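Remarks on the structure that follows.
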Amino acid sequence: MIYKAQRGTFDILPENETIWERVRKICLDTVKLYGYNYIETPIFEDSEVFKRTVGQNTDIVEKEMYTFLDKGGQSISLRPENTAGVCRAFIERGLHNRTLPIRLFYYGTMFRYERPQSGRFRQFHQFGIECIGDNDYEIDYEIIEIGWKIITNLGIKNSKLNINSLGDNNDRLEYIKVLKQYFENYKNDLPKVDQLRLENAPLRLLDSKEKNTIEIAKNAPKTLDYLSEEAKSHHTNLIQKLEMLNKIDENFKFVENHKLVRGLDYYNRTVFEFTTDSSGPQGVILGGGRYDPLIEILGGPVTPAVGFAMGIERIINEINNKEDDFSNQIDVVIVITENIFREESQSLANNLRKNKIKTIIAPNKSVKAQMRYANNVNSKSVIFIGENELKNNSITLKLLNSSEDQKTFSNDNIEKIKQLLRI
RNA sequence: GUGGGCGUGGUGUAGUGGUUAACACGACCGGCUGUGACCCGGUAGAUCGAGGGUUCGAUCCCCUCCGCCCACCCCA
């Protein structure tokens, strides 16, 4: 084999269509009920759009972006996520002049240069929603509730919400300072990876998987203790709402996870993740949070916003994707006894298709082979055209999944065909 | 970037240091000169991931590379 799909990419084949379409439909149907509207942004943007928002020092920007110079010498990046693009469009297209908050959703391909493994690809699909222009905790709740609704509608069990608050910018800076001081005391006990983190991304020390670090992190200061009054009440109000949701729907489970920090720089206040226990290390199927500073960072007016992104591949992995089947079942395969009847079969085929009957003309082979073909493509029926039929202006129809006799009738009796096929 | 497992027809698997690499499914053709799916028979399809080494001889042993999968990292 000479040509192969690039590492971390894959093909969606006909038998996968059903599940992919279903997931997409459930996502869209659910958020539309909440008044969200479709937005589609380009797959590539000025690299700065991501550097400024996702964060210069994040892994995503530092080593995972597909960045290149285009023929005009401009630095372009394939989008590693879609929030930045949506915000860019929000500013550029003047959406901030509309009635706020504005509710948007997207569905599309993202790109990250990573080593692939289960639930992780270089080209992958994300569905996400953004509610821009309202800083009320009620919106945080709405976003989480929608996430939960989608997960439920998809039939995914055993998911759990992890939630935390990072506070506002000043809270966060203060917290990082305190956290750094705390870990400095144990610097020599930290493994090398984490000594580096201490310098570059101290927040990440909290969810380190190194034994020593976990031990030390147990007594580390918590973000919640460094929140401003406002951020704190925002958080406690949200938690109350979640407790109410839990009372209404006992399947909804959540924990406050003080170690949840998330890797994108633009988050403030609420951050959350839905995880499942069955999907292993890539257990996060949906994650998001509030990103109030982002739009200003991109040069827009100060505008608060919340949103989440969902990994479609992980979702599909989760709902046993045993559903492979051909939803596009063929209704009729036309079999002709001699090639000279081909003209006839073509005009019949077009007439059938005009009547929304899915039709294929069998390949130019023996009758036996044509029948096998009809069977292999899982057609509902076969229509024969031969000398006798031509003479009488009739067709012979045989249902393939039953042992019923075949029926011969007038070749313009579409209603009869539909009736026999139960269309 | 680091570590572990694995690379044999289209797919899933056997197998052995020695002349035609096996089996099942799938595909194709025929048994049925106008009828599939069942049954029976046949045909095609693999330089055993690539390169090098050891050997009289390598698909098998050794090395390198490449690819896939998994884990770390990070994230959806």
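We name chains A, B, ... by the order of the sequence lines, and we start the count at 1 in each one. This one's a predicted model, so the numbers in the text were calculated from it and none came from an experiment.
Taking side-chain N and O atoms only, Gln117(A) has no distance below 4.0 Å to OP1 or OP2 of C69(B). An OP1 or OP2 oxygen of A27(B) is reached within less than 4.0 angstrom by a side-chain nitrogen or oxygen of Asn376(A). Residue Gln370(A) places none of its side-chain N or O atoms closer than 4.0 Å to OP1 or OP2 of G36(B). Residue Asn378(A) has no polar side-chain atom (N or O) positioned under 4.0 Å from OP1 or OP2 of A37(B). For the pair Thr58(A) and C74(B), the criterion of a side-chain N or O lying under 4.0 Å from OP1 or OP2 is not met. At the phosphate of A37(B), OP1 or OP2 sits under 4.0 Å from a side-chain N or O atom of Arg372(A).
Each of Gly8(A) and Phe121(A) has a nearest nucleotide on RNA chain B; the 5'-most of these lies closest to Gly8(A). Toward the 5' end of RNA chain B, the nearer of the two residues Arg204(A) and Ile385(A), judged by each one's closest nucleotide, is Ile385(A).
Whole-Å rounding puts the Gln406(A) CD to G36(B) P distance at 11 Å. Rounded to whole Å, atom C1' of C75(B) lies 17 Å from atom CZ of Phe274(A). Computed from coordinates, the Phe384(A) CZ to G34(B) P distance equals 11 Å when rounded to whole Å. What separates CG of Asn364(A) from P of C29(B) is a distance of 12 Å, to the nearest Å. A straight line from CD of Glu387(A) to P of G34(B) spans 10 Å, rounded to a whole angstrom. As a whole-Å value, the separation of Asp194(A) CG from C72(B) P is 15 Å. Here G1(B) presents its P atom at 6 Å from OH of Tyr113(A), a figure rounded to the nearest Å. Rounded to an integer number of Å, the gap from Leu13(A) CG to G10(B) P is 17 Å.
With Tyr34(A) as the aromatic partner, Arg103(A) does not meet the cation-pi criteria of under 6.0 angstrom to the ring centre and within 45 degrees of the ring axis.
Residue-level contact check: Arg115(A) touches the bases, meaning some heavy atom is under 4.0 Å from a base atom. In this structure, Arg7(A) reaches the sugar-phosphate backbone alone: every heavy-atom distance under 4.0 Å involves primed, P, OP1 or OP2 atoms, never a base. If you check every strand for non-hydrogen atoms under 4.0 Å, Glu114(A) touches a base. Contact annotation for Ala309(A): backbone-only contact, meaning every heavy-atom pair under 4.0 Å involves sugar-phosphate atoms and none involves a base. Base engagement by Lys368(A) is indicated by at least one non-hydrogen atom pair under 4.0 Å involving a base atom.
On a pure distance criterion of 3.5 Å, a polar donor-acceptor pair joins the side chain of Asn388(A) and the base of G34(B). A donor and an acceptor atom sit less than 3.5 Å apart, one in the side chain of Glu389(A) and one in the base of G34(B).
Picking from U35(B), C74(B), A71(B) the nucleotide with the shortest atom distance to the side chain of Lys398(A) gives U35(B). The nucleotide whose nearest atom lies closest to any side-chain atom of Pro116(A) is, among G34(B), C69(B), A76(B), C69(B). Side-chain proximity of Ser118(A) to the nucleotides C28(B), G36(B), C70(B) is greatest for C70(B). Considering only the side chain of Arg112(A), A76(B) comes nearest among C28(B), G34(B), A76(B). The side chain of Thr337(A) approaches G34(B) more closely than any other nucleotide in the set U35(B), G34(B), G67(B).
The aromatic ring centroids of Tyr226(A) and Tyr175(A) lie less than 6.0 Å from each other. Taking the six-membered ring for Trp and the full ring otherwise, the centers of Tyr106(A) and Phe127(A) sit at least 6.0 Å from each other.
Just one of Lys51(A), Arg52(A), Arg79(A), Arg88(A) meets the salt bridge (charged side-chain N to carboxylate O under 4.0 Å, His left out) condition when paired with Glu45(A); it is Arg88(A).
The pair Lys241(A)-Glu138(A) meets the salt-bridge criterion, with a side-chain N (NZ, NE, NH1 or NH2) lying under 4.0 Å from an Asp/Glu carboxylate O.
Here the separation of A22(B) from G30(B), taken at their P atoms, is 26 Å to the nearest Å. Distance check on atom P: C39(B) versus G17(B) gives 37 Å, rounded to whole Å. Taking atom C1' on both U8(B) and G49(B), the two are 10 Å apart, rounded to the nearest angstrom. Look at the C1' atom in both A14(B) and G3(B): the space between them is 31 Å, to the nearest Å. Atom name P, nucleotides C63(B) and G4(B): the rounded distance is 13 Å, in whole Å. The same atom, C1', is picked in C66(B) and in C29(B); the two are 39 Å apart, to the nearest Å. Across C28(B) and U64(B), the matching C1' atoms stand 41 Å from one another, rounded to whole Å. On the C1' atoms, C68(B) is 15 Å away from A50(B), given to the nearest whole Å.
With sequence neighbours excluded, the residues that form a ring-ring contact (aromatic ring centres under 6.0 Å, His included) with Phe90(A) are His96(A).
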Intra- and inter-strand pairing of RNA chain B, written as dot-bracket with Watson-Crick and G-U pairs under 3.5 Å and | for the latter, reads (((((((..((((....[...)))).(((((.......))))).....(((((..]....))))))))))))....
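No side-chain donor-acceptor contact under 3.5 Å links Asn392(A) to the backbone of Ser394(A). Between the side chain of Gln195(A) and the backbone N or O of Lys187(A) there is at least one donor-acceptor pair closer than 3.5 Å.
By the 5.5 angstrom centroid cut-off and the 30-degree plane limit, Phe124(A) is classified as stacked against the base of A76(B).
Contact annotation: the side chain of Lys32(A) never approaches that of Tyr38(A) to less than 4.5 Å [non-hydrogen atoms, C-beta and beyond].
Atom CZ of Arg342(A) sits about 5.0 Å away from atom CG of Asn364(A), to the nearest 0.5 Å. The CD1 atom of Ile315(A) sits 7.0 Å away from atom SG of Cys27(A), with the distance rounded to the nearest 0.5 Å.
The neighbour count for Lys418(A) NZ, taken as heavy atoms of other residues, nucleotides or ligands under 6.0 Å away, is above 12.
Contacts of residues 25-41 of chain A with RNA chain B (heavy atom under 4.0 Å): none.
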request  = Applying salt bridge (Lys or Arg N to Asp or Glu O under 4.0 Å), run through Lys358(A) and Asp331(A) and close with a yes or a no.
outcome  = CA-CA 5 Å; Lys358(A) 297 173 194 158; Asp331(A) 296 313; 5.4 Å; no
